[in-house]
Amino acid sequence: MVLIKSRKSIVTATNVCINSSSKFYLTEEQVQSLGDKEFLTASYRRFLRMRQFISKRQMVKESYTTYLRYKFKIEDFELKRSKLLSVSGMSAMDFRSSVQKSLCFLIKAFSISDAYSKDMIDDSHKCKKIIKNLLTVDYHRNRIINRSSNMYQYYRKDFTFFTDGQNIGLKQFEENLMRLNECLGTRL
Amino acid sequence: MSKGWRKLFVSRGDGTKNSLKKTLKVPEVRSPLLTNFHRWAGKERVLKLTDKEQVTEAVGNSSWDLSKNLFANLLASPMRSDKASRFKFPRDLLIQMKLVQTGNENPGKLATLMPLINMKSGKSSSYVANSLKIFKGKKPGLGQLVPTAVNDSGIANISLSDIVLDKSLFTEKHQEELLQCIENCMTQLVDRRKSSVPVVVEDWDVVLTYDHNNDNDIELVRLKQLPKDPTVIILNLKVVENDSIRALINDKLKNHEVGVVLKFLKDERLIRLVYSLLNFSK
């Protein structure tokens with residue numbers, strides 16, 4: 001049941017549908033033509049705009065922001081990738097298209113549309129669950145990191161836990177995530 | 001006297017500063033319509049892509065077929081707490097453990113802590129990372145992995161000494177059992193697969209191989225020699241060192257030049273078993 005309808009959104013009894021606009025996605029043209037710095041800031045802004053859809057809970061929203069900030073500012077993705085995957089199976093990854101695809105992943109996870117086919121709706125459910133799981137694991141990692149100062153280096157920068165067998169569960173999770181990234185061309 | 005006279009009427013303690021009571025205030029009542037309250041507080045927000053054009057621009061027209069992808073399915077399973085590291089992980093990446101009633105072979109014991117191969121619902125189970133290495137070391141002790149529901153029970157008082165905690169159940173026996181399950185699955189598959197219809201390799205298909213020349217056991221490969229160059233997941237079972245499985249993979253089941261091509265939706269159980277065995281024995 002629609003309660004309020006405006007140009008930007010539709011409010012129903014249970015949820016709020018925000019009408020999409022070019023503010024939420026990167027077009028092919030933008031990906032190609034923007035300069036390096038503009039591209040980074042534009043994509044960062046768009047990722048951050050997705051924050052409102054992640055969850056109702058403040059805590060989850062915050063862990064999403066932390067995750068995003070880490071992804072953009074600190075993470076050495078190539079190092080992580082080379083540590084997790086065998087060298088032969090790797091294909092070169094284009095930075096810009098992978099960022100665009102990751103944004104696409106997020107939009108898929110938190111969007112609805114009448115134009116979606118059945119397969120795309122299935123995709124959407126899967127994406128949403130994966131994002132939520134990812135944020136939960138990230139939250140737990142932060143919990144450990146906040147406990148002592150050298151853990152940041154261990155879990156976030158050197159990725160030593162991939163090789164020393166201290167946290168095998170986390171290693172397997174990261175492996176799977178990296179393989180999924182490899183399948184889809186994303187950078188989660 | 002002129003300033004402090006009120007203290008005489010309302011005496012609170014000895015009249016020092018610390019004992020002065022805070023005056024209680026009734027919070028100012030304001031209409032939520034007048035204050036700037038969060039407009040849509042408490043409602044879940046979703047992004048609505050209004051028409052086909054927008055869908056094409058934002059996410060593209062084709063779906064990714066994630067329900068056919070092994071990794072997406074693993075990662076999307078519900079979260080459970082890993083008893084060893086106290087992290088939460090997707091359930092399908094972990095081993096489920098339950099207490100099973102002990103038979104006659106262990107007199108004086110009530111239950112055995114067992115790793116399960118097929119996940120079962122129902123209460124009182126616990127989970128641990130799917131790896132042989134974890135059980136090789138001293139930590140975690142198996143007592144740590146017992147489902148906590150055991151301690152919560154108000155009726156039965158089960159202590160750890162009543163439970164059979166046998167590490168071999170988690171190491172060699174678990175591996176053997178997994179292998180046995182895989183073999184059963186494969187023989188069933190041979191029986192089912194009578195007609196030899198040529199398979200078309202698509203994206204996210206799983207290819208089983210038994211190849212000693214290949215060092216990797218799990219690999220993502222783009223097969224450029226095939227039409228539409230599909231990305232496939234290659235699972236190399238050479239680590240098991242088992243002749244009957246080698247014969248099954250290299251001979252009876254082989255349905256394509258690259259190996260045994262399996263579709264996730266059709267042979268989900270076999271694929272999951274093989275994947276968990278490979279992760280386990282790594």
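Proteins get letters first, then strands, A, B, ... in listed order; numbering begins at 1 in each.
Within a 6.0 Å radius of NZ in A/K5, no more than 12 heavy atoms belonging to other residues, nucleotides or ligands are found. Sparse packing is recorded around CD of A/E29, with 12 or fewer heavy atoms of other residues, nucleotides or ligands lying under 6.0 Å away. Within a 6.0 Å sphere centred on CD of B/E53, heavy atoms belonging to other residues, nucleotides or ligands number 12 at most.
In this structure, chain B has a heavy atom under 4.5 Å from the backbone of A/F110, while its side chain stays farther away. Interface remark: B/Y275 contributes side-chain atoms only to the contact with chain A (heavy atom separation under 4.5 Å). Residue A/K132 does not touch chain B at all, counting heavy-atom pairs closer than 4.5 Å. Proximity to chain B (any heavy atom under 4.5 Å) is restricted, for A/K56, to the side chain, taken from C-beta onward. Neither the backbone nor the side chain of A/L106 has a heavy atom closer than 4.5 Å to any heavy atom of chain B. Residue contact with chain A, scored on non-hydrogen atoms closer than 4.5 Å, involves the backbone of B/N61 exclusively. For A/T27, the part sitting under 4.5 Å from any heavy atom of chain B is the side chain, from C-beta outward, and nothing else. Within the 4.5 angstrom heavy-atom criterion, only side-chain atoms of A/F24, from C-beta onward, approach chain B. If you measure heavy-atom distances from A/L170 to chain B, the contacts under 4.5 Å come from both the backbone and the side chain.
Interface check for chain B: of the options A/L134, A/I107, A/I131, the most heavy-atom pairs under 4.5 Å are formed by A/I107. For chain A, the option among B/D215, B/V128, B/I233, B/N73 with the highest count of heavy-atom pairs below 4.5 Å is B/N73. Note: A/H140 leads A/K129, A/R143, A/H140 in heavy-atom pairs under 4.5 Å with chain B. The most heavy-atom pairs under 4.5 Å with chain B, out of A/C104, A/C127, A/S21, A/G165, come from A/C104. The greatest number of non-hydrogen atom pairs below 4.5 Å with chain A, out of B/T56, B/D82, B/I218, is found for B/I218. Taking chain A as the reference chain and counting heavy-atom pairs below 4.5 Å, the highest number among B/L70, B/I234, B/L93 is found for B/L93. Heavy-atom pairs under 4.5 Å with chain B peak, among A/I112, A/L177, A/L26, at A/I112. Ranking A/Y25, A/F173, A/F105, A/Y139 against chain B, the residue ahead of the rest is A/Y25, based on heavy-atom pairs under 4.5 Å.
Of all heavy-atom pairs between B/A72 and A/K126, the closest is O-CD, 4.2 Å. Across all non-hydrogen atoms, the minimal contact from A/M120 to B/S63 is CG-CB, 3.5 Å.
Looking at heavy atoms from C-beta onward, B/F89 lies out of side-chain contact with A/N176 at the 4.5 angstrom threshold. Counting only heavy atoms from C-beta outward, the side chains of B/W64 and A/K108 approach each other to under 4.5 Å. Looking at A/T12 and B/K43, their side chains never come closer than 4.5 Å, going by heavy atoms from C-beta outward. The side-chain heavy atoms of A/L184 and B/L66, taken from C-beta on, include a pair separated by under 4.5 Å.
Looking only at atom types and distance, the side chain of B/K88 has no donor-acceptor partner in the side chain of A/N133 under 3.5 Å away.
Partner A/S113 forms a side chain to side chain contact (heavy atoms under 4.5 Å, CB included) with one of B/V46, B/V59, B/V55 and no other, that one being B/V55.
In this structure, the separation between CZ on B/F71 and CD1 on A/I130 is 11.5 Å, given to the nearest 0.5 Å. Expressed to the nearest 0.5 Å, how far CD of A/Q172 lies from CG of B/N279 amounts to 4.5 Å. Taking NZ from A/K118 and OG from B/S67, the interatomic distance works out to 7.5 Å, rounded to the nearest 0.5 Å. From A/I18, atom CD1 reaches atom CG of B/L49 across 12.5 Å, with rounding to the nearest 0.5 Å. Interatomic distance, A/R179 CZ to B/L75 CG, rounded to the nearest 0.5 Å: 10.5 Å. Of the inter-residue distances, the one linking B/L74 atom CG with A/E175 atom CD reads 12.0 Å to the nearest 0.5 angstrom.
In this structure a side-chain-to-backbone donor-acceptor pair under 3.5 Å is missing from A/E182 to B/L220. Remark: side-chain polar atoms of A/D119 are not paired, donor with acceptor, to backbone N or O of B/D65 under 3.5 angstrom. Between the side chain of B/Q54 and the main chain of A/S20, a donor-acceptor pair closer than 3.5 Å is present.
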